[in-house]
Amino acid sequence: NMEENTGSCFTEEQEALVVKSWNAIKNNSEDLSLKFFKRIFEIAPPAKQLFSFLRDSNVPLEQNPKLKPHAMSVFLMTCESAVQLRKAGKVTVSESNLKKLGATHFKSGVKDEHFEVTKQVLLETIKEALPEMWSPAMENAWGEAHDQLANAIKAEMKKAD
Ligand code: HEM
């Protein structure tokens, strides 16, 4: 069935594009995290209110120590999702982790539209960090890995609803 295959056929080449670009930028996590969040809040200012540690804080964004872990989770888990997709044809985040992710995002008031914003910013941030390496195929591979992961989290959020 062609239709069923289009979403789930993640190739070795796509995995390699994601892993290669992640390896090229991951040591620059400080800069990446800050750019990622600044851009998200430029596009969607109210999203700031979703984060408990931003809502209750007067510390400037730059100096908030809790931003980096979330940003890095998004990058790292998307990269891991690419590896899982190639190996298993689907996202294989453990059931308990996925449940927790679903519950946390649901409880925080995250909506499907937020995932569109973070996706766009994720792709932009990598592109800006790697202008020479970036390509439509690379964008597509990251995008696909992100969407499959985001869909798994969103499905858990609906169950938590
Ligand atoms: C918490 C990952 C997308 C907002 C977390 C945590 C992880 C994570 C690992 C902390 C673990 C936990 O408490 O369960 C991801 C991944 C994403 C994603 C991998 C996409 C692929 C988003 C989006 C938003 C968002 C789109 C909204 C703009 C939050 C908030 C928290 C959170 C508000 C709780 C932070 C707090 O108040 O302490 N996320 N996330 N996440 N995430 Fe995400």
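Atoms within a ligand are numbered from 1 in the order they appear, just like the ligands themselves.
- Of all heavy-atom pairs between W22 and C79, the closest is CD1-SG, 3.7 Å.
- The protein non-hydrogen atom at the shortest distance from atom 19 (C) of ligand 1 is M77 SD, 3.7 Å.
- A side chain to side chain donor-acceptor pair (under 3.5 Å) check over residues 66-84, counting only residues at least two apart or in different chains, returns the pairs S29-K68, E30-K68.
- Regarding atom 37 (O) of ligand 1, its nearest protein heavy-atom neighbour is S52 OG, 2.6 Å.
- Aromatic ring centres of F51 and F37 lie closer together than 6.0 Å.
- Applying the 6.0 Å contact sphere to CD of E42 captures more than 12 heavy atoms from other residues, nucleotides or ligands.
- For the pair E15/V19, a side-chain contact is recorded, criterion being any heavy-atom separation below 4.5 Å from C-beta on.
- Ranking protein heavy atoms by distance to atom 11 (C) of ligand 1, first place goes to K100 NZ, 4.0 Å.
- Note that atom 5 (C) of ligand 1 has protein non-hydrogen atoms nearby, at separations under 4.0 angstrom.
- Counting only heavy atoms of the protein, atom 21 (C) of ligand 1 lies nearest to L149 CD2, 3.7 Å.
- If you check the side chains of Q120 and E116, you find no donor sitting under 3.5 Å from an acceptor.
- Residue V59 shares its hydrophobic cluster (ILVMFWY side chains chained together at separations under 4.5 Å) with no other residue.
- Considering only heavy atoms from C-beta on, F10 comes within 4.5 Å of E144 through its side chain.
- Between W142 and F75, the angle of the ring planes goes over 60°, which puts this pair in the perpendicular group of the 30/60° scheme.
- In this structure, of F53, F51, F75, the residue bringing a heavy atom nearest to atom 30 (C) of ligand 1 is F51.
- Distances shorter than 2.8 Å separate atom 43 (Fe) of ligand 1 from the protein N/O/S atoms H70 NE2, H105 NE2.
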Considering only distance and modelled atom types, tabulate donor-acceptor pairs under 3.5 Å from the side chains of residues 150-160, sequence neighbours left out.
from, atom 1, to, atom 2, distance (Å)
N151, ND2, D147, O, 3.2
E156, OE2, K159, NZ, 3.0
K158, NZ, D112, OD2, 3.3

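- Scanning all protein heavy atoms for the shortest distance to atom 33 (C) of ligand 1 gives L50 O, 3.2 Å.
- The nearest heavy-atom contact from the protein to atom 3 (C) of ligand 1 is F115 CE2, 3.6 Å.
- The protein non-hydrogen atom at the shortest distance from atom 28 (C) of ligand 1 is H114 CB, 3.7 Å.
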